[in-house]
Amino acid sequence: MSALAVFLPLIGAAIAGVLVFVPTTDKDAKHSLDLAAQLVTCGCMLTAALFAILTFVDVVSHKNVGTVELFTWIDSGTLEVSWALKLDTLSAVMLCVVTVVSSMIHIYSVGYMHHDPSIPRFMCYLSLFTFFMLMLATADNLVQLFFGWEGVGLVSYLLIGFWYHRPSANAAAIKAFLVNRVGDFGFALGIFTVFVLFESVTLDTVFAGVEGRKDAVIHIFGGDFHALTVACLLLFVGAMGKSAQLGLHTWLPDAMEGPTPVSALIHAATMVTAGVFLVARMSPLFEYSDVALTAVTIVGASTAIFAATVGCVQNDIKRVIAYSTCSQLGYMFFACGVSAYSAGVFHLMTHAFFKALLFLGAGSVIHAMSDEQDMRKMGGIWRAIPYTYGLMWVGSLALAGIGIPGAFGFSGFYSKDIILEAAYSAHTGSGHYAFWLGILAAFLTAFYSWRLLLMTFHGTPRGDERVMAHVHESPPVMILPLIVLALGAVLAGGVAVDYFVGEQAGEFWGEAIRIRGEVHPALEHAHHVPLWVKLAPLVAGIGGIGLAYVMYSIAPSLPGALANRFSGVHRFLLNKWYFDEVYDFIFVRPTFALGRFLWKTGDGKLIDGFGPDGISAISVNLARRAAALQSGYIYHYAFAMLIGVVTLITWYMFVQAG
């Protein structure tokens, strides 16, 4: 079942990929090919989701954990790598989340991409992306994990730049690819370090040897460093790139250039969660490095507040949700940083449902608004698209973490709160840093979520009259996946809380996540924090919603007045803390200058100057002059021979005289 769950998306992608190259000019035949690609990929994904759920039940209920070895991949010296599927609770959870959410995105794409001329190619990319993510999540060793890791990076490039006729899409795809290569280089170095330490990249072997190498030292750059700390920090660099943490986050908002289903697939349950999964999977290593855990906590908390502040001033509906993703990933990371790995994975799971719901809901709005994405050109459309409006409310309530303590809450209410409680109960400087920034980020999250709702659906219509007159609800093939995701956004948190972070967590996770409870008891103590700590996220969320209503419903002139009054701050946030500009100044411009120098001076003046334009030009010139001597007259040749004879005799006479 696990193998089918993993490889069915690859089969669907292969079939859809073949259909891309079927030549046809007939409109009906083209429609048939499109329909075939959609049916095959959606069918494979739904079947994979079914097998993933059955695998999850088998793993959790019957404790049927272990490794399914498919074949030997690499056998060179001490490096032995098998192509195998690691089955435990963590991989089973990822299997379910990825396949279910991806299935809904596949079905949604049938309606959203209905008029696109390259449907088989798009469906092929979606399924191929899902396959690589599943390979990553079920990897038995770090090399196979890296294979899936690079695979999602490659296909994300293809998906972000799917509309390659747009220069902005091409630029965004290249940016995502290059920024991720920076992180992936760190990840590769981390794999090398692990192999040097343990002489293996197989996860079970590495984890079994951690205790014996907890004090190992590695000598690099003329100094001795704690080996596990070096390995964990390098692995975390890879996680930062893939999960868009502060410093390597700049590709994420630009990835909105791809079609909306791509945004949902990349930003919800798949690519951006790979980094969180990696840290949770490598928890046995991170548990022996407080330095690495502190770094994860600080970076995660800083990312959460950074992205939340930027999300408050964005006007593109998809970019607001993209920065929300970046912020929520920060929560997941600082949960892992205080050793509450299961809380981070819990939020990963709930976030997958409500964030995919929000992205696809935004796509429904864009579909209704004839591809308009600027919220300043929307407003007053909730009556025209009531289903989308209601479902966006569900997603926003889950994102804001709204609920009634002890009674009911949306999914984010359970997962976000336990993260903040764990950060507080860590009783470390980095833990308190994460807690307070997390509370502030919760306030801002609720604010920008309701800002989005009010600007998009309420108030007076602000868009083009012709566009506003034709606003219409999306077809059922787009609404039904939203309903399924909404059920997850409503129920997943309450259903899973006891298993993921509650009383049954130890039995549920087994050996999939390992915590040294006596050293890092944050998750255990999170259930005994003061009442004000439990209520603080909810109060912050309600406060953010209230502020949004004041600014965008009661006093709609207030945002403009504040932007003018604090123009510097507004410009700073609108320009995303100027990260792009700083990177452009430090890296991009010098790189272009170096490239231009090598092109003009190195290639043009040196290589071409001494090569094609130099030596070769001289050779051609000499050959041309020599050819001019071939006149065809016998007396010219006789004269030349006479000159030669005279020269030889003269030379001989001088030699004899000497």
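The shown structure was predicted, so the numbers you read here are calculated from the model rather than taken from an experiment. Along the sequence shown, the residues carry numbers beginning at 1. Scope of the values below: all heavy atoms of this structure, side chains included, with no hydrogens, waters or symmetry mates.
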Of all the heavy-atom pairs spanning L573 and Q314, show the shortest one and how long it is.
O-NE2, 4.0 Å
Heavy atoms of other groups near Y387 OH, more than 12 under 6.0 Å
no
For G12, does its backbone N or O pair with a side-chain atom of T41 as donor and acceptor, under 3.5 Å?
no
Report yes or no: does S156 contribute a side-chain atom to a donor-acceptor pair with the main-chain N or O of G153 at less than 3.5 Å?
yes
Can a donor-acceptor pair be found, under 3.5 Å and without considering hydrogens, that links the side chain of S283 to the backbone of V279?
no
Could you give the distance from NZ (K416) to CD1 (I402), rounded to the nearest 0.5 Å?
8.0 Å
Is it true that a side-chain atom of H114 and a backbone atom of Y112 form a donor plus acceptor pair closer than 3.5 Å?
no
In this structure, is the centre-to-centre distance between the rings of F187 and F146 below 6.0 Å?
yes
Sequence neighbours excluded, the answer for salt bridge (charged side-chain N to carboxylate O under 4.0 Å, His left out) partners of D88 is R281
Heavy atoms of A301 and A434 approach each other most closely as CB-CA, 3.6 Å
Using every non-hydrogen atom in the two residues, find where G161 and N170 come nearest and quote the distance to one decimal.
O-OD1, 4.4 Å
If you compare all heavy atoms of V98 against all heavy atoms of M133, which two are closest, and at what distance to 0.1 Å?
CG2-CG, 4.0 Å
Are W382 and W393 near enough that their ring centres are under 6.0 Å apart?
no
Measuring from atom CD1 of I160 to atom CG of L252, what distance do you get when rounded to the nearest 0.5 angstrom?
8.5 Å
Is it the case that atom CZ in F572 sees more than 12 heavy atoms from other parts of the structure closer than 6.0 Å?
yes
Steps toward ring-ring contact (aromatic ring centres under 6.0 Å, His included) verdict (F236, F333)
CA-CA 10 Å; F236 179 55; F333 272 108; 5.7 Å; yes
F447 vs Y552 aromatic rings, parallel, tilted or perpendicular, using cut-offs 30° and 60°?
tilted
How about H458 and Y389: are their ring centres within less than 6.0 Å of each other?
yes
Between E421 and I419 (side chain of the first, backbone of the second, donor and acceptor by atom type, cut-off under 3.5 Å), is there such a pair?
no
Donor-acceptor pairs under 3.5 angstrom involving side-chain atoms of residues 533-547: please list them, not counting sequence neighbours.
none

Using only atom types and a distance under 3.5 Å, with no angle test, would you say the side chain of S243 pairs donor to acceptor with the backbone of G275?
yes
Does the side chain of M349 reach to within under 4.5 Å of the side chain of S415, using non-hydrogen atoms?
no
Given F354 and F410, is the ring-ring contact (aromatic ring centres under 6.0 Å, His included) satisfied, shown in steps?
CA-CA 10 Å; F354 61 72; F410 289 85; 9.8 Å; no
Compare all side-chain heavy atoms of Y157 with those of N180 and state whether any distance is below 4.5 angstrom.
no
Would you confirm whether the ring centroid of F132 sits within less than 6.0 angstrom of the ring centroid of F147?
yes
Nearest 0.5 Å, please: how far is CG in L128 from CZ in R121?
13.0 Å
d(N315 CG, R376 CZ) to nearest 0.5 Å is 4.0 Å
Okay, side chain of S127, backbone of C124: is any donor-acceptor separation there less than 3.5 Å?
no
Do any N or O atoms from the side chain of T297 and from the backbone of S430 form a donor-acceptor pair under 3.5 angstrom?
no
Please examine the side chains of M375 and R451, heavy atoms only from C-beta on, and report whether any two atoms are closer than 4.5 Å.
yes
Are F122 and S109 close enough that some pair of their side-chain heavy atoms sits under 4.5 Å apart?
yes
With sequence neighbours excluded, residues passing side-chain hydrogen bond (donor to acceptor under 3.5 Å, both in side chains) with E257:
S168
K242 (side chain) donor-acceptor with W149 (main chain) under 3.5 angstrom:
yes
Enter the distance from Y341:OH to L293:CG here, rounded to the nearest 0.5 Å.
4.5 Å
Sole candidate of T89, L134, L348 that passes side chain to side chain contact (heavy atoms under 4.5 Å, CB included) when paired with M94
L348
Whether D254 and R319 form a salt bridge (side-chain N of Lys/Arg under 4.0 Å from carboxylate O of Asp/Glu) is what I want to check.
yes
Salt-bridge criterion met for K175 and D580 (N-O under 4.0 Å)
yes
Kindly say whether the aromatic ring centers of F346 and Y414 come within a distance under 6.0 Å.
no
Return all side-chain donor-acceptor pairs below 3.5 angstrom for residues 477-495, not counting sequence neighbours, or 'none' if the list is empty.
none

Return all side-chain donor-acceptor pairs below 3.5 angstrom for residues 356-368, not counting sequence neighbours, or 'none' if the list is empty.
residue	atom	partner	partner atom	Å
S364	OG	T388	OG1	2.7
S364	OG	S474	OG	2.5

For the residue pair Y331 and F334, is the inter-centroid distance of their aromatic rings smaller than 6.0 Å?
yes
CE of M282 to CG of L145, rounded to nearest 0.5 Å, is 8.5 Å
Are F579 and F306 close enough that their ring centres sit under 6.0 Å apart?
yes
Minimum side-chain heavy-atom gap K377-M455 below 4.5 Å
no
Are side-chain heavy atoms of T325 and V272 found at a separation under 4.5 Å?
yes
Using modelled atom types only, decide if a donor and an acceptor are shared between the side chain of S103 and the backbone of T99 within a distance under 3.5 Å.
yes
Side-chain donor-acceptor pair present, S411, T350, cut-off under 3.5 Å:
no
Measure centre to centre between the rings of W509 and F500, then say whether the value is under 6.0 Å.
yes
Under 4.0 Å between a side-chain nitrogen and a carboxylate oxygen: does that hold for D316 and K318?
no
What are the two closest heavy atoms between G431 and V338, and how far apart are they?
CA-CG1, 4.2 Å
Identify the two heavy atoms, one from S263 and one from A255, that lie closest to each other, and give their separation to 0.1 Å.
OG-O, 4.3 Å
Test of understanding: with ring-ring contact (aromatic ring centres under 6.0 Å, His included), list the residues that count as partners of F51, not counting sequence neighbours.
none
